[in-house]
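Only a predicted model underlies this, so the values are computations on that prediction, with no experimental measurement involved. The analysis underlying the following values was restricted to heavy atoms, covering all of them including side chains, and did not include hydrogens, waters or symmetry mates. Below, chains carry the letters A, B, ... as their sequence lines are ordered, and counting in each starts from 1.
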Amino acid sequence: MTRQTRPAAGTPLSRVDGRLKVTGQAAYAAEHDAHGAVRGVAHGVIVTSTVGRGRITGIDTRAAAGQRGVLKVISHVNAPELPYRPWRGVPDPARGERLRVFQDDRVRFFGQPVAVVVAETLEIAWHAASLVRVSYDAGRPATDLASPAGEPNESENYTRGNVDQALRQAHVRLDRTYRLQREHHNPMETHATIARWDGDRLTVWDKTQIVLNTRAGLAADFGIPEASVRVISPFVGGAFGSALRCWPHVTIAALAAREVRRPVKVALTRKQMYTGTGFRPVTEYKITLGADQRGRLTATVHDIRAETSTYEDYREGLGDVGRMTHATPNVRLTYRTVPLDINTPTWMRGPGPATAAYAIESAMDELAYELGMDPIELRMRNEPDRDPSTGVPFSTRRLRECFRVGSRTVGWDRRNPRPRTNRDGNWLIGTGVAVATYHTARAAAQALARLHADGTATVQCGTSDMGPGTYTSMTQVAADAIGLQVPRVRFQLGDSSMPPSPPHGGSMTMASVGSAVQDTCDKLRRQAIALAVQDPRSPLHGTTPDDVTVANGRLHLRDNPARGETYQQLLARNNRTYLEARGGYTPGDEVERFSTHAYGAVFAQVAVDEHLGLVRVRQVHGVYDAGRIINPKLADSQAIGGMVGGIGMALLEHTITDPRDGRIVNANMADYLVPTNADIPNVSAIYLGGDDRTADPIGVKGLGEVVIVGVAPAIANAVFHATGRRVRDLPITIESLLGG
Amino acid sequence: MSAEISNDDPDVEVPEVSRRGFLSTTAAGGVAAGVLPSSLAAGRADASAGRAAPSGGQSSALSVTVNGRRHQVTVDNRTSLLDLLRERLALTGTKKGCDQGACGACTVLVDDRRVNACLTLAVRCEGAEVTTIEGLAAQDGERDGELHALQRAFIEQDAFQCGYCTPGQIMSGVACIREGHTGSREEIREWMSGNICRCGCYVKIVNAVEQAARGGRD
């Protein structure tokens with residue numbers, strides 16, 4: 001292959017879509033009518049169930065339908081039977097069936113859509129929706145892990161070695177239970193869909209992290225070919241996993257549009273987001289650690305229970321961390337889900353490891369105190385040489401270096417390990433650490449690149465950018481591969497008519513789409529070089545393609561830069577309006593031959609008011625081994641953002657359900673607490689850098705998830721160090737630190 | 001351009017007209033065609049097309065200036081300033097995050113004070129001057145399109161990721177600077193805490209406000 005310098009990747013470029021975002025011109029899902037993409041939009045407002053379990057016995061829509069400007073009220077009473085062709089999307093749980101909208105009278109959870117009111121204006125639709133009277137035959141819902149709605153689902157089991165024997169012989173044995181409450185993503189943009197039918201063709205503007213999944217879901221629901229559905233989603237106002245699945249409101253928007261024969265916009269309210277999308281499930285994690293005198297883990301037992309709905313068995317990678325993070329010869333792991341009368345949980349940033357690391361890294365801290373050992377030293381003594389779960393080598397694992405760098409930065413050596421020894425007035429000061437790991441997922445992706453006669457290029461992939469900066473980082477990769485300056489390259493995404501992409505989640509976008517973009521743009525450059533060397537009128541005629549490189553839009557001999565020509569000259573002379581290449585990336589057997597993860601060492605310092613139990617984070621610092629960093633500026637933002645999410649997880653976030661009827665009592669942004677600016681003093685990150693070409697062709701290991709993992713236990717451990725009190729339930733609240 | 005007419009006289013009387021009547025007289029207007037990008041103008045025309053009047057005389061005539069342009073509209077009394085901007089005037093830069101005054105995504109300036117547009121009824125804005133994110137960049141002559149110092153700072157500091165809270169953060173930040181609440185990072189944090197950023201860009205939002213307060217033009 002021709003060698004190519006790659007000056008754009010690795011530089012802290014500002015976002016290419018920055019101007020659109022700071023001027024309010026970026027078009028999010030609910031805004032495409034205002035941007036002129038779709039006309040004559042009617043507004044749909046969803047009516048949701050006010051009982052948590054039961055049957056609908058009647059729906060009185062007369063008052064609503066009688067409002068001037070109301071076009072239609074749709075419920076299971078008058079909705080057409082939808083085909084709901086068997087289909088399971090990539091982000092869907094492996095067992096169960098998606099909720100079907102308005103197809104029967106059953107209520108499975110509080111907040112389930114039971115009707116939609118479509119009207120000329122939002123105000124009319126809202127008022128009319130408030131006039132819909134629904135009666136129920138209601139039962140008391142099961143909403144607590146302790147009293148499930150049915151038998152637990154089949155457990156997932158994993159064993160290696162002889163755990164019982166190892167525990168009997170252990171020098172120290174620790175049995176603990178940790179709990180995490182339900183958390184909602186709460187992206188700032190509420191979910192919204194605009195749907196328009198043109199005959200039997202459907203176009204939707206949707207908030208989604210994967211346009212292809214929405215396309216496939218709608219095609220299945222309406223029994224039409226996927227080719228008849230187009231999904232457009234150029235900007236996503238945050239999601240963190242909430243926009244991976246094709247949710248009921250998406251189908252409702254399309255159904256309503258078909259029924260009223262007009263485009264319809266359905267935007268969930270903030271309250272409806274709590275039951276209209278998903279959440280991180282309540283999880284109870286029982287852990288047993290056995291260790292020898294020198295602090296080496298000899299056995300671990302992980303008994304995990306998490307909530308799911310009655311209609312789907314949602315599972316996440318809760319077992320990953322327990323299997324592979326620390327070297328342990330004997331491991332037993334059981335993961336059960338418990339059906340409740342709730343909507344189905346879903347992927348939320350760092351799904352699985354974020355929860356599991358809280359339990360494991362808290363327990364490791366407790367073990368360090370049992371052994372009288374520094375918590376970092378304990379982890380270093382359990383650093384594996386190979387993946388303990390599979391025995392395969394790591395592609396790269398630089399966790400030791402993460403801790404070394406971090407310890408130096410925060411001055412860990414000066415720490416007095418004894419709890420409650422450091423104070424600042426009434427504030428008890430403590431520090432804690434934790435390990436972060438997240439599997440580097442990779443999946444097949446394709447891209448399309450076009451070099452235009454004016455020397456600019458357009459590159460496309462139907463991926464998404466919910467905030468990490470896909471537009472920018474892909475532009476950098478593309479610019480380098482084509483040999484253009486960044487401003488001359490335009491990367492487009494978020495349209496199902498573009499080449500396919502895996503979900504924009506699980507930290508796999510850069511590795512998968514980035515590799516596809518690089519492959520595609522390499523092909524485009526080689527195509528242009530081939531055209532030049534075969535063209536008798538080109539200064540490069542007859543040269544060897546491998547000796548030609550492209551920089552700043554000019555093809556030239558690497559060893560003789562004076563000999564060459566520009567892309568414009570080449571295309572003009574050959575009467576070409578453009579050159580086009582398609583390429584892609586498919587993961588190979590390296591996925592099995594190597595264990596590939598991103599790693600991090602997370603340090604936290606907190607202050608706890610001795611009398612009031614207030615916890616204030618003073619510092620969070622993360623050091624990450626995430627492979628190559630395509631854009632340090634954006635990666636830094638992503639890390640800080642993930643850590644802020646971790647602070648929320650540790651201290652604030654908790655969705656509260658009223659057990660009497662299954663109502664979520666804090667389904668709003670005033671009572672569901674997330675970090676605000678005042679909560680975030682000093683949060684910083686360092687990337688070790690590096691380049692893991694074993695992982696994928698562009699050497700990245702994924703950022704978005706690993707940066708939330710480990711933050712909650714680092715904070716919980718710091719709270720213990722500050723106060724001497726171990727809190728084993730997240731979030732850590734004032735109540736948990738007062739009394740007793 | 002149905003939501004706007006060219007009469008700039010603040011004292012003009014708006015006769016009681018039905019929405020349909022109003023639409024029929026203005027739908028062909030296209031007043032903004034030469035002013036706005038055609039896509040926006042089309043969007044605006046579209047935003048009100050086919051609207052029905054609220055029932056029972058629940059509408060009011062409203063005269064409000066948004067980003068220096070006077071709008072005379074008949075609004076459903078239930079309409080929030082936020083929905084007026086987004087659904088009627090096609091100014092979707094102002095975001096709906098919670099519609100309950102808890103997140104700050106809808107922050108705009110009304111007569112130079114920052115307010116949550118979702119908690120402000122449109123009819124309360126009679127005669128008011130509203131500034132939204134779309135009105136922040138220079139709109140005159142040779143500086144046309146030049147970003148406000150805080151908009152530039154947001155880009156340079158990478159003070160956003162998904163961008164959805166960004167317009168609200170910036171409007172809030174502009175007011176925060178004008179109010180003089182930028183004496184320290186702590187003070188900025190405190191006075192910017194009405195605007196939630198779920199991507200967690202707070203450190204850089206403070207950087208940006210600090211940068212603009214220090215050096216940028218207001």
Side-chain angles (χ1 to χ4, degrees), chain A residues 14-15 17-19 21-28 30-31 33-36 39-41 67-69 120-124 126-127 186-190 235-238 240 267 269-270 466-469 633-634 636-638 640-645 668-670 674-678 680 683, chain B residues 39-40 42-44 46-47 49-55 76 78-79 83 86-87 90-100 102-103 105 132-134 136-137 147 151 154-156 158 160-167 170 189-190 192-193 195-206:
Chain A
S14 291
R15 285 170 201 266
D17 52 344
R19 189 182 171 99
K21 287 181 173 177
V22 302
T23 55
Q25 297 304 315
Y28 297 85
E31 300 167 355
D33 50 344
H35 281 260
R39 291 160 179 269
V41 167
Q67 290 289 305
R68 192 170 162 198
E120 295 283 358
T121 72
L122 193 53
E123 291 80 14
I124 296 169
W126 260 112
H127 180 59
N186 275 307
M188 295 309 299
E189 180 200 17
T190 54
F235 289 96
V236 174
F240 318 106
T269 63
R270 179 58 58 182
M466 63 175 152
K633 187 180 212 168
L634 274 51
D636 188 55
S637 296
Q638 207 177 355
I640 292 173
M643 287 187 269
V644 169
N668 60 69
M669 294 201 81
V674 300
T676 66
N677 208 321
I680 305 303
V683 180
Chain B
S39 63
L40 271 184
R44 287 188 177 200
D46 177 61
R51 287 173 160 266
S55 50
D76 186 320
R78 299 167 293 195
T79 307
D83 287 332
R86 286 174 65 81
E87 302 294 339
L91 292 170
T92 54
T94 305
K95 303 303 184 189
K96 186 181 279 189
C98 71
D99 217 15
Q100 293 177 318
C103 79
T132 72
I133 192 73
E134 290 93 342
L136 208 53
L147 296 180
Q151 289 172 309
F154 262 65
I155 294 175
E156 287 165 19
D158 204 39
F160 54 93
Q161 291 178 55
C162 80
Y164 198 79
C165 75
T166 310
I170 291 175
R189 287 208 303 266
E190 205 63 39
M192 287 298 290
S193 277
N195 293 78
I196 292 173
C197 170
R198 192 60 167 150
C199 296
C201 299
Y202 296 125
V203 173
K204 298 184 176 191
I205 289 168
V206 175

Give, as side chain, backbone, both or neither, the part of [X] having an atom under 4.5 angstrom from any heavy atom of chain B.
X	value
Pro187(A)	backbone
Met466(A)	backbone
Phe240(A)	side chain

Under a 4.5 Å heavy-atom cut-off, does chain A meet the side chain of [X], its backbone, both or neither?
X	result
Glu134(B)	both
Ile155(B)	both
Ile196(B)	both
Thr166(B)	side chain

Q) Under 3.5 Å, side chain of Lys21(A) to main-chain N/O of Gln161(B), donor-acceptor pair present? A)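 Flag set: sc Lys21(A) to bb Gln161(B) pair under 3.5 Å.
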
Taking the side chain from Thr92(B) and the backbone from Glu31(A), do they hold a donor-acceptor pair closer than 3.5 Å?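 Checking the backbone N and O of Glu31(A) against the side chain of Thr92(B), no donor-acceptor pair under 3.5 Å is found.
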
Highest number of heavy-atom pairs under 4.5 Å with chain A: which of Gly200(B), Cys162(B), Gly93(B), Cys199(B)?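 Ranked by heavy-atom pairs under 4.5 Å with chain A, first place is Cys162(B).
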
Check your understanding: Given the options Gln100(B), Arg198(B), Glu156(B), which has more heavy-atom pairs under 4.5 Å with chain A than any of the others?
Key ->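 Heavy-atom pairs under 4.5 Å are most numerous for Arg198(B).
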
Top of [options] for chain B proximity - count of heavy-atom pairs under 4.5 angstrom:
options	value
Gly24(A), Gly467(A), Ser14(A)	Gly467(A)
Ala26(A), Ser637(A), Ala678(A), Gly237(A)	Ser637(A)
Asp17(A), Val674(A), Thr269(A)	Val674(A)
Val644(A), Asn677(A), Val683(A), Thr190(A)	Asn677(A)
Asn186(A), Asn668(A), Val236(A)	Asn186(A)

Distance check, rounded to the nearest 0.5 Å: [X] atom [atom1] versus [Y] atom [atom2]?
X	Y	atom1	atom2	result
Tyr202(B)	Ile640(A)	OH	CD1	13.5 Å
Asp76(B)	Glu120(A)	CG	CD	12.5 Å
Tyr164(B)	Glu189(A)	OH	CD	5.5 Å

Heavy atoms, side chains only, cut-off 4.5 Å: are [X] and [Y] in contact?
X	Y	answer
Asp636(A)	Lys204(B)	yes
Ile124(A)	Arg78(B)	yes
Val203(B)	Ile680(A)	yes
Arg270(A)	Asp99(B)	no
Glu87(B)	Asp33(A)	yes

**OP:** Check each of Gln638(A), Lys633(A), Arg15(A) against Asp158(B) using the side-chain hydrogen bond (donor to acceptor under 3.5 Å, both in side chains) test, and report the only one that passes.
**Re:**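 Among Gln638(A), Lys633(A), Arg15(A), the one meeting side-chain hydrogen bond (donor to acceptor under 3.5 Å, both in side chains) with Asp158(B) is Arg15(A).
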
Show, in sequence, the C-alpha distance, side-chain angles and deciding distance for Leu147(B) and Thr23(A), and conclude whether the side-chain contact (heavy atoms from CB on, under 4.5 Å) test is met. CA-CA 8 Å; Leu147(B) 296 180; Thr23(A) 55; 3.5 Å; yes

